[in-house]
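One structure is given here, and the rest of the page talks about it.
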Amino acid sequence: QVQLVESGGGLVQAGGSLRLACAASGPTFRSYNMAWFRQAPGKERDFVAKHTWTCYTNYANSVKGRFTISRDDAKNTVYLQMNGLKPEDTAVYYCAASKALSAVATQYDYWGQGTQVTVSS
């Protein structure tokens, strides 16, 4: 069982930066692939970035070059550094954990409660 708690969301102007953090509980964090998804009002939950337990990362095209995912296994925490934020990045951001190598939300077993990111123009 893995429990996830996100933090770091907020309101920022376009072009600004935010750093999200996801703290995980449970002894097996290191064996999980971690990802960030986001969901804007009225839209589906979309993949943002993932960091596998083997340190492979990949990103959605919409955030590539602006967002960076990282993890600190000693702290059981995964981060999402978001730079060059745009109004279209406004969404609730969710942290998720899975044993599967996937960018599909349904393949993730554990989810945090989400943190709101709002980017003003």
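Heavy-atom basis, side chains included; hydrogens, waters and symmetry copies ignored. Counting begins at 1 with the first residue of the sequence. Predicted, not measured: the structure shown is a model, and the values here were computed from it.
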Knowing that exactly one of Thr90, Thr115, Asp89 qualifies, which makes a side-chain hydrogen bond (donor to acceptor under 3.5 Å, both in side chains) with Arg38?
Asp89
Identify whether NZ of Lys or CZ of Arg in Arg19 sits under 6.0 Å from the centre of the six-membered ring of Tyr79 and within 45° of that ring's axis.
yes
Which other residues end up in the same hydrophobic cluster as Met34, if Ile, Leu, Val, Met, Phe, Trp and Tyr are linked when side-chain heavy atoms come under 4.5 Å apart?
Val2, Leu4, Val12, Leu18, Leu20, Phe29, Tyr32, Trp36, Val48, Tyr59, Val63, Phe67, Ile69, Val78, Leu80, Met82, Leu85, Tyr93, Tyr110, Val117, Val119
Ala91 and Ala40: which non-hydrogen atoms are nearest, and at how many Å?
CB-N, 3.8 Å
Asn58 and Phe47: side-chain contact (heavy atoms from CB on, under 4.5 Å), yes or no, with the steps?
CA-CA 10 Å; Asn58 77 317; Phe47 169 76; 3.6 Å; yes
Counting only N and O atoms by type, is there a donor-acceptor contact under 3.5 Å from the side chain of Asn76 to the main-chain atoms of Ser25?
no
Checking Gln81 against Ser70 for the side-chain contact (heavy atoms from CB on, under 4.5 Å) test, could you report, in this order, the C-alpha distance in whole Å, the side-chain angles of both residues, the deciding distance, and whether it holds?
CA-CA 8 Å; Gln81 177 66 44; Ser70 62; over 6 Å; no
Just wondering, are more than 12 heavy atoms of other shown residues or ligands nearer than 6.0 Å to CD in Gln13?
no
With a cut-off of 6.0 Å (strictly less than), are more than 12 heavy atoms of other residues, nucleotides or ligands near NZ of Lys75?
no
Closer than 3.5 angstrom, by distance alone: can the side chain of Asp73 be matched with the main-chain N or O of Arg30 as a donor-acceptor pair?
no
Which atom names give the shortest non-hydrogen contact between Ala100 and Ser98, and what distance separates them?
N-OG, 2.8 Å
Take a 6.0 Å sphere around CD of Gln3 and say whether it holds more than 12 heavy atoms from other residues, nucleotides or ligands.
no
Parallel, tilted or perpendicular for Tyr94 and Trp111, by the 30°/60° rule?
perpendicular
What's the verdict on side-chain hydrogen bond (donor to acceptor under 3.5 Å, both in side chains) for Lys99 and Ser31, showing C-alpha distance, side-chain angles and the deciding distance?
CA-CA 7 Å; Lys99 292 283 191 175; Ser31 66; 2.7 Å; yes
Starting at OG1 of Thr52, measure out to NZ of Lys50 and round the result to the nearest 0.5 Å.
7.5 Å
Lys43 atom NZ, neighbour heavy-atom count above 12 within 6.0 Å:
no
So, for Gln107 and Ser102, which heavy atoms are closest and what is the spacing to 0.1 Å?
CG-OG, 3.3 Å
Minimal non-hydrogen separation, Ala23 against Thr77, with atom names
CA-OG1, 4.1 Å
Can you find a heavy atom in the side chain of Gln113 that is under 4.5 Å from one in the side chain of Val5?
yes
Roughly how far, to the nearest 0.5 Å, is the SG atom of Cys55 from the CZ atom of Arg71?
7.0 Å
Candidate pair Asn83 and Ser17, rule side-chain hydrogen bond (donor to acceptor under 3.5 Å, both in side chains), full reasoning:
CA-CA 4 Å; Asn83 299 327; Ser17 298; 2.9 Å; yes
